[in-house]
S.K.: 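Before anything else, here's the structure in question.
Note on naming: letters A, B, ... go to the chains in the order of the sequence lines (proteins, then strands), and numbering restarts at 1 for each one. Quick caveat: nothing in here was measured; it's all calculated off a predicted structure. Values reported hereafter were calculated over all heavy atoms of this structure, with side chains retained and with hydrogens, waters and symmetry mates removed.
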There are 2 protein chains.
Amino acid sequence: MVLNNLDQTDIDILKLLQKDASLTNKEICYKLNKSIGTIHQRIQRLKDEGFILRTVAILNRKKLNTSLIAFSQVLLNDHTADTLNTFEREVAKFPEVMECFQMTGTFDFLLRIATSDMDAYHAFYRNKLATLPNITTVQSFFVLSETKSITAYPL
Amino acid sequence: MVLNNLDQTDIDILKLLQKDASLTNKEICYKLNKSIGTIHQRIQRLKDEGFILRTVAILNRKKLNTSLIAFSQVLLNDHTADTLNTFEREVAKFPEVMECFQMTGTFDFLLRIATSDMDAYHAFYRNKLATLPNITTVQSFFVLSETKSITAYPL
DNA sequence: GTTGAAAGACCTAGTGA
DNA sequence: TCACTAGGTCTTTCAAC
């Protein structure tokens, strides 16, 4: 597949790095049968042109204090630009909110919320989320088990 | 906060790495006022003990061929172990499915599905997802805009 | 676009304090 | 935990193909 000025080598590099960014250039050049200079130059370009946004460590949330993940569907009173912007700006400030998407369909926003347990979620809901203006309803669903959870897009 | 045999230095390292794993040990030791030997030893331990699962590159999906993200709620016919296991095993094989969670509430599974556009989503739905056994309903919601999307847990 | 080499930076393990 | 050392590895640059 050729895409957006990327050739197969670029795609292959992205595939590898989005699964394991600890690979060295040397390891990648062996896998792809290119020279290390080529790999280095390609990766630099992929970063400079914004294909690679950042590299992050993925932590084990069950060993940390964030074992409860909730998905909350939020419906707002109205859909003026001001109401939408205010909600987006304020909800993004909460560290418990890992993701906030505006959605199509029967609700306005979908939030992914990470807390330690149901008490902590309740505190977040009552003291933070529910204090934001113009919220009509919040409906929450909780993760029972995680079958698959990757950050890699299909390329 | 002290947690799971982690002291403040460990927590600080995790906070940094889950936002930017390209930091060198040297940079981290400056930020935290510790020696580079200490930082190296701590990170090694955090990996060995499974607090750090892996490091990955986060790509810009809008510049790649995955600009449409759907969240799909799946309800199954029955909840026998066999039905649940089969669904989880089969749905995890699809590269379009980035996340699969079993959930509390009015549906059984929540999927995050990445495709290039609505046509590709439709093809995935008809040719892959809907062919799995024991599915009663699938209700899908699509991402209009992304206000916040981080992989870092609140620590 | 690709290569190979050279210089510099970094990682890693070890020591003694 | 720190400071220091030293060998090995990796990154980064650059001239040349």
Side-chain angles (χ1 to χ4, degrees), chain A residues 1-60 63-65 150-155, chain B residues 1-66 150-153 155:
Chain A
M1 178 175 60
V2 178
L3 179 71
N4 233 338
N5 298 325
L6 300 184
D7 65 13
Q8 192 58 46
T9 302
D10 293 317
I11 302 282
D12 289 341
I13 291 172
L14 292 176
K15 276 186 184 176
L16 289 171
L17 288 180
Q18 77 171 163
K19 286 183 181 155
D20 183 4
S22 71
L23 289 168
T24 64
N25 291 354
K26 204 175 178 183
E27 288 169 319
I28 295 172
C29 86
Y30 286 140
K31 284 178 192 286
L32 302 185
N33 284 317
K34 298 279 175 178
S35 77
I36 193 168
T38 300
I39 298 297
H40 177 256
Q41 180 211 5
R42 297 298 190 101
I43 293 177
Q44 204 59 50
R45 176 174 152 253
L46 290 168
K47 285 179 180 170
D48 290 344
E49 296 186 354
F51 291 95
I52 297 175
L53 296 176
R54 60 188 180 278
T55 75
V56 300
I58 302 295
L59 307 186
N60 187 342
K63 300 195 76 167
L64 299 165
N65 215 15
I150 61 171
T151 52
Y153 296 106
L155 295 182
Chain B
M1 176 175 60
V2 178
L3 179 70
N4 235 335
N5 298 326
L6 299 185
D7 65 12
Q8 192 58 46
T9 302
D10 293 317
I11 302 283
D12 289 342
I13 291 171
L14 291 176
K15 277 186 184 177
L16 288 172
L17 288 181
Q18 77 172 164
K19 288 184 180 154
D20 183 4
S22 72
L23 289 169
T24 64
N25 290 356
K26 203 175 176 183
E27 289 169 319
I28 295 172
C29 88
Y30 287 140
K31 284 178 190 286
L32 302 184
N33 284 317
K34 300 278 175 180
S35 77
I36 193 168
T38 302
I39 297 297
H40 176 256
Q41 178 208 5
R42 296 300 190 101
I43 292 177
Q44 204 58 51
R45 178 173 151 253
L46 290 168
K47 286 180 180 170
D48 289 344
E49 295 185 356
F51 290 95
I52 296 173
L53 295 176
R54 60 188 180 280
T55 76
V56 300
I58 302 296
L59 306 187
N60 186 343
R61 66 178 170 81
K62 293 187 180 172
K63 300 196 76 167
L64 300 165
N65 215 13
T66 54
I150 61 171
T151 52
Y153 295 108
L155 296 183

S.K.: Could you check how far CD1 of A:I13 sits from C1' of C:dG1, rounded to whole Å?
M.R.: 13 Å
S.K.: May I have the step-by-step check of side chain to side chain contact (heavy atoms under 4.5 Å, CB included) for B:V56 and A:T55, ending in yes or no?
M.R.: CA-CA 6 Å; B:V56 300; A:T55 75; over 6 Å; no
S.K.: Can you tell me the distance, in whole Å, between the CD atom of B:Q8 and the C1' atom of D:dT1?
M.R.: 17 Å
S.K.: In whole Å, what is the span from the CD1 atom of A:I43 to the P atom of D:dC10?
M.R.: 13 Å
S.K.: Verify the contact: side-chain N or O of A:H40 to OP1 or OP2 of D:dT12, cut-off strictly under 4.0 Å; return yes or no.
M.R.: yes
S.K.: How long is the line joining CD1 of A:I39 and C1' of D:dT12, in whole Å?
M.R.: 15 Å
S.K.: Rounded to whole angstroms, how far apart are CG on B:L32 and C1' on D:dC2?
M.R.: 15 Å
S.K.: Within this structure, what is the CD-to-C1' distance between B:Q44 and C:dC11, rounded to whole angstrom?
M.R.: 10 Å
S.K.: For A:Q41, answer base if it contacts any base atom (sugar-phosphate contacts may also be present), sugar-phosphate if it contacts only those atoms, and nothing otherwise; contact means non-hydrogen atoms under 4.0 Å.
M.R.: base
S.K.: B:I28 has an atom CD1; how far is it from atom P of D:dC2, in whole Å?
M.R.: 14 Å
S.K.: Between A:K19 and A:K15, does the side chain to side chain contact (heavy atoms under 4.5 Å, CB included) criterion hold? Intermediate values first, please.
M.R.: CA-CA 7 Å; A:K19 286 183 181 155; A:K15 276 186 184 176; 5.8 Å; no
S.K.: At their closest point, which heavy atom of B:A57 faces which heavy atom of A:A21, and how far apart are they?
M.R.: N-CB, 3.6 Å
S.K.: Applying the side chain to side chain contact (heavy atoms under 4.5 Å, CB included) criterion to A:T9, which one of A:I13, A:I11, A:L6 satisfies it?
M.R.: A:I13
S.K.: Between C:dT2 atom P and A:D10 atom CG, what is the distance in whole Å?
M.R.: 9 Å
S.K.: So, A:D12 and A:R42, do they make that salt bridge, N to O below 4.0 Å?
M.R.: no
S.K.: Would you please confirm or rule out a distance under 4.0 Å between OP1 or OP2 of C:dT2 and any side-chain N or O of A:R42?
M.R.: yes
S.K.: Quick one: does any side-chain atom of B:K63 pair with a main-chain N or O of A:E49 as donor and acceptor, under 3.5 Å?
M.R.: yes
S.K.: Between the protein and nucleotides 4-10 of chain C, which nitrogen or oxygen pairs come in under 3.5 angstrom?
M.R.:
residue : atom : partner : partner atom : Å
C:dC10  : OP2  : B:K26   : NZ           : 2.7

S.K.: Checking side chain to side chain contact (heavy atoms under 4.5 Å, CB included) between B:I39 and each of B:T24, B:I28, B:L23, which is the one that passes?
M.R.: B:I28
